[in-house]
Amino acid sequence: MAKGIFITMEGPDGSGKTTQIELLKAELEKSGYSVLITREPGGNRISEAIREIILNKDYMEMAPATECLLYASARAQLVNEVIGPMLDKGGAVISDRFVDSSLVYQGIARGLGVDEVFEINRFAIREYMPDATFLLSLPAEVGISRKKDQKELDRMEKESLEFHKKVAEGYLKLAEKYPERIRVIDATQDVETISGLIKKQVYDILKGKVSI
């Protein structure tokens, strides 16, 4: 069993995960935790190389199964090289996306099946499941609008609005399937309100794990 605390942030594109991750990192560091932030796909040399393939908008013809296996491969390397070692020495890991993204994007939106995609990823994640996953829930239209205002869209972001609606709905379905782990937060609220909700729940989790 991992000794540290593993928190993941999930949600549709444009839901504000990056901002909330930075705010949570600062809060945990004030409490004395060594905190590592990572992302998926990516987080190390090999996984970042796989990310370049997955998100390359020149590969729009990529098959759903190929996409799923590439995500799982990047995740396996991230767990082996980054997440696992940090948790084993008692640190805190906050990841921008983890296996739930695959369950939603490939399992639900691509139609491969949630259980099937989880089985593919079981070997990759081993025992390192998140202690809590915060789902920043946002309507697909709002999220995509935010992303278009920020930068050029990658292969996943360039998918149809119908696809992104499936993603937004899929996350809520997943939260119903795993209510003990996935905590849904309305991402249309202001940054401070969202941060306060996340911090409170994280401290509740920490009280059950270690003395802080």
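Worth saying up front: this structure is predicted, and the values here are computed from it rather than measured. Just so you know, residue 1 is the first one in the sequence shown, and it goes up from there.
There is a side-chain donor-acceptor pair under 3.5 Å between D88 and Y128. Using modelled atom types and a 3.5 Å distance limit, the side chains of Y178 and T133 yield no donor-acceptor pair.
Following chains of ILVMFWY side-chain contacts shorter than 4.5 Å, one can reach V104 starting from M129, so the two form part of one hydrophobic cluster. Under the 4.5 Å side-chain heavy-atom criterion for ILVMFWY residues, a single connected hydrophobic cluster contains both L197 and F134. Under the 4.5 Å side-chain heavy-atom criterion for grouping Ile, Leu, Val, Met, Phe, Trp and Tyr, L70 is connected to F98 within one hydrophobic cluster. When the side chains of ILVMFWY residues are joined at heavy-atom separations under 4.5 Å, either directly or via intervening members, I54 and L69 end up in two distinct hydrophobic clusters. Neither I120 nor L174 shares a network with the other; the hydrophobic side chains, linked directly or stepwise wherever heavy atoms of I, L, V, M, F, W or Y lie under 4.5 Å apart, form separate groups for each.
Within 6.0 Å of CD on E162 lie no more than 12 heavy atoms contributed by other residues, nucleotides or ligands. Counting non-hydrogen atoms of other residues, nucleotides and ligands closer than 6.0 Å to OH of Y59 gives a total of 12 or fewer.
To the nearest 0.5 angstrom, I94 atom CD1 is 12.0 Å from I83 atom CD1. The distance from atom CD of E81 to atom OG of S47, rounded to the nearest 0.5 Å, is 7.0 Å. For the atom pair CD1 of I7 and CD1 of I198, the computed distance is 9.5 Å after rounding to the nearest 0.5 Å. How far CG of L103 is from CG of L112: 11.0 Å, rounded to the nearest 0.5 Å. For the atom pair CD1 of I50 and CZ of R75, the computed distance is 11.0 Å after rounding to the nearest 0.5 Å. In this structure, NZ on K17 lies 10.0 Å from CG on L135, to the nearest 0.5 angstrom.
The two residues Q20 and V191 make their nearest non-hydrogen contact at NE2-O, 3.2 Å. Annotation for V117 and S102: closest pair CG1-O, 3.6 Å, computed over non-hydrogen atoms. Taking each heavy atom of Y33 and A92 in turn, the nearest pair found is CD2-CB, 3.9 Å. Considering all non-hydrogen atoms of both residues, V35 and K25 come closest at CG1-CG, 3.7 Å. Taking both residues in full, the closest heavy atoms of V167 and A109 are given as CG2-CB, 3.9 Å, listed atom of the first, atom of the second, then distance. Between L138 and G14 the shortest heavy-atom distance is CD2-O, 3.4 Å.
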Legend entry - Derivation of the salt bridge (charged side-chain N to carboxylate O under 4.0 Å, His left out) call for E27 and K30: CA-CA 5 Å; E27 190 69 21; K30 285 194 295 185; 3.4 Å; yes
Inset, instruction - Step by step, work out the side chain to side chain contact (heavy atoms under 4.5 Å, CB included) result for T8 and E40. - result: CA-CA 10 Å; T8 56; E40 283 208 344; over 6 Å; no
Inset, instruction - Apply side chain to side chain contact (heavy atoms under 4.5 Å, CB included) to I53 and M62, showing your working. - result: CA-CA 10 Å; I53 297 172; M62 186 181 294; 4.1 Å; yes
Inset, instruction - Any chance you could lay out the side chain to side chain contact (heavy atoms under 4.5 Å, CB included) test for E22 and I37, step after step, and finish with the verdict? - result: CA-CA 8 Å; E22 290 294 341; I37 291 178; 3.8 Å; yes
Inset, instruction - Carefully, step by step, assess L55 and E157 under the rule side chain to side chain contact (heavy atoms under 4.5 Å, CB included). - result: CA-CA 9 Å; L55 299 183; E157 293 164 348; over 6 Å; no
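The shortest side-chain heavy-atom distance between E119 and D115 does not fall under the 4.5 Å cut-off. A 4.5 Å side-chain heavy-atom check between E10 and S101 finds at least one atom pair inside the cut-off. Inter-residue side-chain proximity for S95 and T38 is flagged as met; some heavy-atom pair is nearer than 4.5 Å.
Remark: D100 does not engage K177 in a salt bridge, criterion side-chain N to carboxylate O under 4.0 Å. By the 4.0 Å N-to-carboxylate-O rule, E67 lies close enough to R155 to be salt-bridged with it. One finds a salt bridge joining R39 and E48 here, because a Lys/Arg side-chain nitrogen approaches an Asp/Glu carboxylate oxygen to under 4.0 Å.
No donor-acceptor pair closer than 3.5 Å links the side chain of R181 to the backbone N or O of A175. At least one donor-acceptor pair closer than 3.5 Å links the side chain of H164 to the backbone N or O of M156.
Ring pair Y171/Y105 is perpendicular by interplanar angle, where above 60° counts as perpendicular and below 30° as parallel.
Tested against E159 for a salt bridge (Lys or Arg N to Asp or Glu O under 4.0 Å), the candidates R110, K166, K57 yield a single pass: R110.
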